[in-house]
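One structure below.
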Amino acid sequence: MRTKALGWMTVAVIGSGLVVGPAMADSADRPSVDPDRYVLSPVGEDGFLRLDRQSGRVAECRKANAHWRCLAVPDAQLAMELEIERLTLQVAELREENAALRARLKGGPEKDGKGSGGLSPEDEKELNKALDFTETAMRRFFGLMKTLREEYEGLQ
């Protein structure tokens, strides 16, 4: 175990990349990777971090059942950038919608090709029908009130 620990120490940091030393050449003790693309860095006693030089992605590799399994390490920066991009698009869409609504308000109901109040002709007919009904109901109600007042005053 002591010799393996010394072998792990041969990993050297050169520039911004990690280079695996020759003492780690035993393929049973580390995952097999393309040395031109990936850089391995030991983590603990039984794992490695694998850096992909092409994409910049990092994966954690551990041995399980005599096979190496590498799982991507969640990239908080990438997730944040994707969320910022999504929110930027949403803000742009909302600004466009807001500008369209403001233009519609400034233009007034007559400029959008619809009747008064921005209603379609069918809606306007329905509104007039409802107003006529309300007017008739109110006239009846006030007529009844007038009749009741006259009867009440006649009793006194």
Side-chain angles (χ1 to χ4, degrees), residues 1-139 141:
M1 194 62 145
R2 182 96 169 120
T3 56
K4 279 189 180 179
L6 291 176
W8 298 121
M9 296 181 127
T10 60
V11 175
V13 176
I14 298 177
S16 63
L18 301 173
V19 178
V20 179
M24 295 183 62
D26 185 12
S27 64
D29 289 341
R30 67 184 180 99
S32 60
V33 295
D34 178 6
D36 294 331
R37 179 169 180 179
Y38 298 105
V39 176
L40 295 176
S41 177
V43 177
E45 292 183 20
D46 61 344
F48 290 89
L49 282 181
R50 181 186 73 186
L51 171 65
D52 185 339
R53 291 180 180 165
Q54 291 178 359
S55 68
R57 298 277 177 136
V58 177
E60 182 179 18
C61 301
R62 297 222 178 263
K63 198 168 193 176
N65 298 331
H67 295 287
W68 285 96
R69 307 266 186 242
C70 295
L71 300 173
V73 174
D75 188 355
Q77 180 70 25
L78 178 63
M80 224 178 332
E81 288 173 4
L82 290 173
E83 181 68 6
I84 289 170
E85 183 179 338
R86 184 189 70 78
L87 291 172
T88 301
L89 291 173
Q90 184 179 12
V91 166
E93 290 172 1
L94 290 172
R95 284 188 176 153
E96 287 177 15
E97 183 180 347
N98 193 9
L101 291 172
R102 284 182 190 269
R104 196 166 138 198
L105 280 176
K106 285 181 183 177
E110 302 302 323
K111 291 189 178 181
D112 64 0
K114 296 181 180 177
S116 65
L119 298 175
S120 67
E122 296 83 24
D123 290 341
E124 200 166 330
K125 285 180 188 176
E126 286 291 321
L127 179 61
N128 286 334
K129 194 173 167 182
L131 290 174
D132 288 343
F133 171 78
T134 305
E135 183 181 357
T136 304
M138 293 299 286
R139 287 187 188 277
F141 174 74

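For the numbers below, each heavy atom of this structure counts, side chains included, while hydrogens, waters and symmetry mates do not. These numbers were taken from a predicted model, which means no experiment stands behind them.
In this structure, CZ in Arg102 is found 4.5 Å from CG in Asn98, a value given to the nearest 0.5 Å. Interatomic distance, CG of Leu82 versus CG of Leu87, reported as 11.0 Å (0.5 Å rounding). The distance from the CG atom of Leu131 to the OG1 atom of Thr136 is 10.5 Å, given to the nearest 0.5 Å.
Residues Met80 and Glu83 have side chains not in contact (no heavy-atom distance under 4.5 Å, counting atoms from C-beta outward). Here the side chains of Glu126 and Leu119 are not in contact, with every heavy-atom distance at 4.5 Å or above.
Contact detail for Asp36 and Arg53: the closest heavy-atom pair is O-NH1, 3.6 Å. When all heavy atoms of Trp68 and Asp46 are compared, the closest pair comes out as CZ3-O, 4.1 Å. Of all the heavy atoms in Ala64 and Arg69, the pair that sits closest is CB-CG, 4.3 Å. Between Glu60 and Val73 the shortest heavy-atom distance is N-CG2, 3.7 Å.
Other residues, nucleotides and ligands place more than 12 heavy atoms under 6.0 Å from the CZ atom of Arg37.
Side-chain N or O atoms of Asp52 include one that pairs as donor or acceptor with a backbone N or O of Gln54 at under 3.5 Å.
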